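Heads up, the thing below is written out as structure tokens.
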Amino acid sequence: MARDEQLKERWELLVKKLSNQFADGETLDLDAIIYLIGVQELGQLNRTFKKDQKLDLMHIAICKLLMPYGYYELDFVDNDGWPHYKTLEALPHLKAGEQSVLMKEAIVSYFLETEYII
């Protein structure tokens with residue numbers, strides 16, 4: 001199976017599984033999944049977040065997702081339990097479609113590692 005086809009199938013499986021678990025079957029978009037990863041990485045699951053905190057959670061997720069690609073590394077965790085990352089390499093300039101593919105690939109890898117999908 002071609003790599004792109006495998007990514008597409010895994011992505012669809014992941015979206016369906018997450019949507020059923022967290023959105024009563026309504027389809028989650030890429031941003032919603034990134035947000036969920038941020039909440040998971042923070043580990044403070046049973047609380048509500050302000051708008052700016054939600055953006056911070058998405059930033060946490062993006063950093064975590066792009067760590068294996070060599071763009072970020074964990075710098076420290078502050079007293080409130082929020083991880084902080086430092087940039088190791090600037091992100092390349094990608095077209096919107098290329099950004100989307102990179103993030104989907106990173107998200108699928110993340111959920112394969114955690115064995116949420118196989």
Side-chain angles (χ1 to χ4, degrees):
M1 180 184 318
R3 187 171 161 251
D4 291 347
E5 223 173 278
Q6 185 179 43
L7 175 61
K8 185 176 186 259
E9 284 182 13
R10 285 177 170 165
W11 177 253
E12 289 172 359
L13 169 70
L14 178 62
V15 169
K16 184 176 181 178
K17 191 170 180 179
L18 287 170
S19 296
N20 287 336
Q21 186 173 352
F22 294 103
D24 297 324
E26 282 191 44
T27 304
L28 294 174
D29 65 10
L30 183 64
D31 287 342
I33 293 170
I34 291 171
Y35 171 77
L36 286 175
I37 292 169
V39 172
Q40 172 69 27
E41 288 302 311
L42 180 62
Q44 299 176 15
L45 307 176
N46 296 322
R47 64 174 277 201
T48 20
F49 298 99
K50 297 175 188 166
K51 186 176 180 177
D52 61 326
Q53 290 175 317
K54 289 179 181 180
L55 292 174
D56 291 341
L57 287 167
M58 293 179 77
H59 178 72
I60 289 169
I62 290 167
C63 292
K64 174 68 176 179
L65 290 166
L66 296 179
M67 273 179 53
Y69 296 85
Y71 295 113
Y72 297 98
E73 77 176 8
L74 182 62
D75 194 15
F76 67 97
V77 177
D78 68 21
N79 293 335
D80 295 323
W82 289 74
H84 294 263
Y85 293 84
K86 66 179 176 183
T87 304
L88 297 178
E89 184 180 327
L91 291 169
H93 294 285
L94 300 172
K95 296 176 187 166
E98 294 170 328
Q99 286 178 0
S100 179
V101 169
L102 174 63
M103 291 311 299
K104 287 178 181 179
E105 187 179 90
I107 290 168
V108 166
S109 293
Y110 175 87
F111 283 104
L112 286 168
E113 273 184 36
T114 61
E115 298 181 349
Y116 184 77
I117 59 170
I118 52 172

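Just the heavy atoms: all of them, side chains too, but no hydrogens, waters or symmetry mates, feed the values below. In this text, all values refer to a predicted model and were calculated from it rather than measured experimentally.
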Donor-acceptor pair, side chain of [X] and main chain of [Y], under 3.5 angstrom:
{"X": "Glu98", "Y": "Lys95", "answer": "yes"}
{"X": "Asp80", "Y": "Trp82", "answer": "no"}
{"X": "Ser109", "Y": "Glu105", "answer": "yes"}

Just how far is it from atom [atom1] of [X] to atom [atom2] of [Y], taken to the nearest 0.5 Å?
{"X": "Tyr69", "Y": "Leu91", "atom1": "OH", "atom2": "CG", "value": "12.0 Å"}
{"X": "Gln40", "Y": "Thr114", "atom1": "CD", "atom2": "OG1", "value": "7.5 Å"}
{"X": "Ile60", "Y": "Leu65", "atom1": "CD1", "atom2": "CG", "value": "11.5 Å"}
{"X": "Lys104", "Y": "Ile34", "atom1": "NZ", "atom2": "CD1", "value": "10.5 Å"}
{"X": "Arg47", "Y": "Leu42", "atom1": "CZ", "atom2": "CG", "value": "6.5 Å"}
{"X": "His84", "Y": "Phe76", "atom1": "NE2", "atom2": "CZ", "value": "4.5 Å"}

Can you establish whether the number of heavy atoms outside [X] located under 6.0 Å from its atom [atom1] is more than 12?
{"X": "Ile118", "atom1": "CD1", "result": "no"}
{"X": "Asp24", "atom1": "CG", "result": "no"}
{"X": "Lys16", "atom1": "NZ", "result": "no"}

pair [X]-[Y]: side-chain heavy atoms closer than 4.5 Å:
{"X": "Val101", "Y": "Asp4", "result": "no"}
{"X": "Lys64", "Y": "Leu74", "result": "no"}
{"X": "Tyr72", "Y": "Thr87", "result": "yes"}
{"X": "Tyr85", "Y": "Ile62", "result": "no"}

[X] and [Y]: which non-hydrogen atoms are nearest, and at how many Å?
{"X": "Glu26", "Y": "Ser19", "result": "O-CB, 3.2 Å"}
{"X": "Gly81", "Y": "Gln44", "result": "CA-NE2, 4.3 Å"}
{"X": "Ala61", "Y": "Gly38", "result": "CB-N, 3.5 Å"}

In terms of hydrophobic clusters joined by side-chain contacts under 4.5 Å, are [X] and [Y] together?
{"X": "Leu18", "Y": "Leu112", "result": "yes"}
{"X": "Leu57", "Y": "Leu30", "result": "yes"}
{"X": "Leu94", "Y": "Met67", "result": "yes"}

Under the criterion side chain to side chain contact (heavy atoms under 4.5 Å, CB included), I'd like the reasoning laid out for Leu66 against Leu102: C-alpha separation, chi angles, the key distance, then a yes or no.
CA-CA 9 Å; Leu66 296 179; Leu102 174 63; 4.1 Å; yes

As a quick check of understanding, evaluate side chain to side chain contact (heavy atoms under 4.5 Å, CB included) for Ile117 and Tyr110, giving each step before the final call.
CA-CA 9 Å; Ile117 59 170; Tyr110 175 87; over 6 Å; no

Between Glu12 and Lys8, is the closest basic N to carboxylate O distance under 4.0 Å?
yes

Decide yes or no on side chain to side chain contact (heavy atoms under 4.5 Å, CB included) for Ile37 and Glu41, but give the supporting numbers first.
CA-CA 6 Å; Ile37 292 169; Glu41 288 302 311; 4.2 Å; yes

Apply side chain to side chain contact (heavy atoms under 4.5 Å, CB included) to the pair Leu28 and Tyr35, showing each step before the final yes or no.
CA-CA 10 Å; Leu28 294 174; Tyr35 171 77; over 6 Å; no

Over 60° means perpendicular and under 30° means parallel, so classify the ring planes of Tyr116 and Phe111, tilted if in between.
tilted

